[in-house]
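All figures in this text were calculated on a predicted structure; none of them were measured in a lab.
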Amino acid sequence: QVQLVESGGGLVQPGGSLRLSCAASGRNIFNVNVMGWYRQAPGKQRELVGGITSGGTTNYADSVKGRFTISRDNAKNTVYLQMNRLKPEDTAVYYCKAEVSRVLAPNAWYDYWGQGTQVTVSS
């Protein structure tokens, strides 16, 4: 089984910073392709924050461009989300997602999700 474990959420004042981490683990992981971050605010649909390929190519939602940075450590199957100049509207539960292939089926890709971590931006 593949698990994604997130960490780093919390309460921060407007203008502050937080760094989220998400590590994919499992005995039968063959490869991890795109890793991404999503968020869901109360009463709203889950939305894409951004993603990163195994080669390091990134994309971001317009609302976070210039403030958020996604990076990854392929050796650790870990993706990071550095959030700077946070705003109250960034308050949400943040989820990571990873495209994973497994040893027994290396050409079959499946999406796995983390459990979510709360980020609250408030004074």
Side-chain angles (χ1 to χ4, degrees):
Q1 185 67 306
V2 176
Q3 289 186 322
L4 270 61
V5 179
E6 299 148 350
S7 61
L11 173 64
V12 63
Q13 292 186 342
S17 298
L18 277 177
R19 188 189 194 213
L20 306 183
S21 300
C22 173
S25 63
R27 291 186 301 171
N28 297 318
I29 291 178
F30 181 74
N31 203 357
V32 181
N33 192 14
V34 177
M35 302 185 82
W37 290 96
Y38 292 74
R39 66 186 181 185
Q40 187 166 19
K44 295 188 177 181
Q45 289 189 330
R46 190 173 298 188
E47 63 176 4
L48 174 68
V49 174
I52 184 168
T53 68
S54 56
T57 301
T58 56
N59 69 286
Y60 298 95
D62 288 342
S63 59
V64 305
K65 280 181 183 176
R67 300 188 299 121
F68 291 11
T69 302
I70 297 174
S71 60
R72 66 188 284 173
D73 184 334
N74 289 334
K76 297 180 179 179
N77 288 332
T78 299
V79 62
Y80 305 96
L81 178 64
Q82 177 66 45
M83 302 183 291
N84 298 328
R85 305 202 309 274
L86 281 160
K87 305 175 182 180
E89 51 264 43
D90 295 318
T91 296
V93 177
Y94 284 70
Y95 299 89
C96 69
K97 187 181 81 169
E99 291 180 351
V100 179
S101 68
R102 305 181 70 176
V103 171
L104 294 180
N107 296 318
W109 296 92
Y110 298 92
D111 288 340
Y112 293 88
W113 289 86
Q115 80 284 359
T117 186
Q118 177 70 46
V119 171
T120 302
V121 184
S122 175
S123 55

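- Put simply, the side chain of Arg102 never gets that close to the backbone of Ala108: no donor and acceptor are under 3.5 Å apart.
- Of the possible donor and acceptor atoms, none in the side chain of Ser101 sits under 3.5 Å from a partner among the backbone N and O of Trp109.
- Minimum heavy-atom separation, Asn59 to Leu48: ND2-CD2, 3.8 Å.
- If you take CD1 on Ile29 and CD on Gln1, they are separated by 10.0 Å, rounding to the nearest 0.5 Å.
- In this structure, Arg72 CZ and Thr58 OG1 are separated by 11.5 Å, a value rounded to the nearest 0.5 Å.
- The shortest heavy-atom contact between Val119 and Gly9 is CG2-CA, 4.2 Å.
- In this structure, Asn77 and Met35 approach most closely via the heavy-atom pair O-CE, 3.6 Å.
- Nearest heavy-atom pair across Leu104 and Pro106 is C-CD, 3.7 Å.
- Among residue pairs with one or both ends in residues 13-23, those qualifying as side-chain hydrogen bond (donor to acceptor under 3.5 Å, both in side chains) are Ser17-Asn84; sequence neighbours excluded.
- Within 6.0 Å of atom CD in Gln45, 12 or fewer heavy atoms from other residues, nucleotides or ligands are found, so the atom counts as exposed in its surroundings.
- One finds the CZ atom of Phe68 at 8.5 Å from the CG atom of Leu20 (value rounded to the nearest 0.5 Å).
- A 4.5 Å side-chain heavy-atom check between Thr69 and Tyr60 finds at least one atom pair inside the cut-off.
- Contact record, Val12 with Leu86: CG1-CD1, 3.5 Å, taken as the closest heavy-atom pair.
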Pairs under 3.5 angstrom only: tabulate donor-acceptor contacts from the side chains of residues 92-100 to other protein residues two or more places apart or in another chain.
| unit_1 | atom_1 | unit_2 | atom_2 | d |
| --- | --- | --- | --- | --- |
| Tyr94 | OH | Arg39 | NH1 | 3.0 |
| Tyr94 | OH | Asp90 | O | 2.6 |
| Lys97 | NZ | Tyr38 | OH | 3.3 |
| Glu99 | OE1 | Asn33 | ND2 | 3.1 |

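- Checking each of Gln82, Arg85, Met83 against Arg67 for a side-chain contact (heavy atoms from CB on, under 4.5 Å) leaves exactly one that passes, namely Arg85.
- Of all heavy-atom pairs between Val103 and Phe30, the closest is N-CB, 3.7 Å.
- Screening residues 110-120 for side-chain hydrogen bond (donor to acceptor under 3.5 Å, both in side chains) gives Gln118-Thr120 as the qualifying pairs, with residues at least two apart or on separate chains.
- Side-chain contact between Val79 and Leu81 is absent, with no heavy-atom pair separated by less than 4.5 Å.
- Between atom OG of residue Ser25 and atom CZ of residue Arg27 there is a gap of 11.5 Å, rounded to the nearest 0.5 Å.
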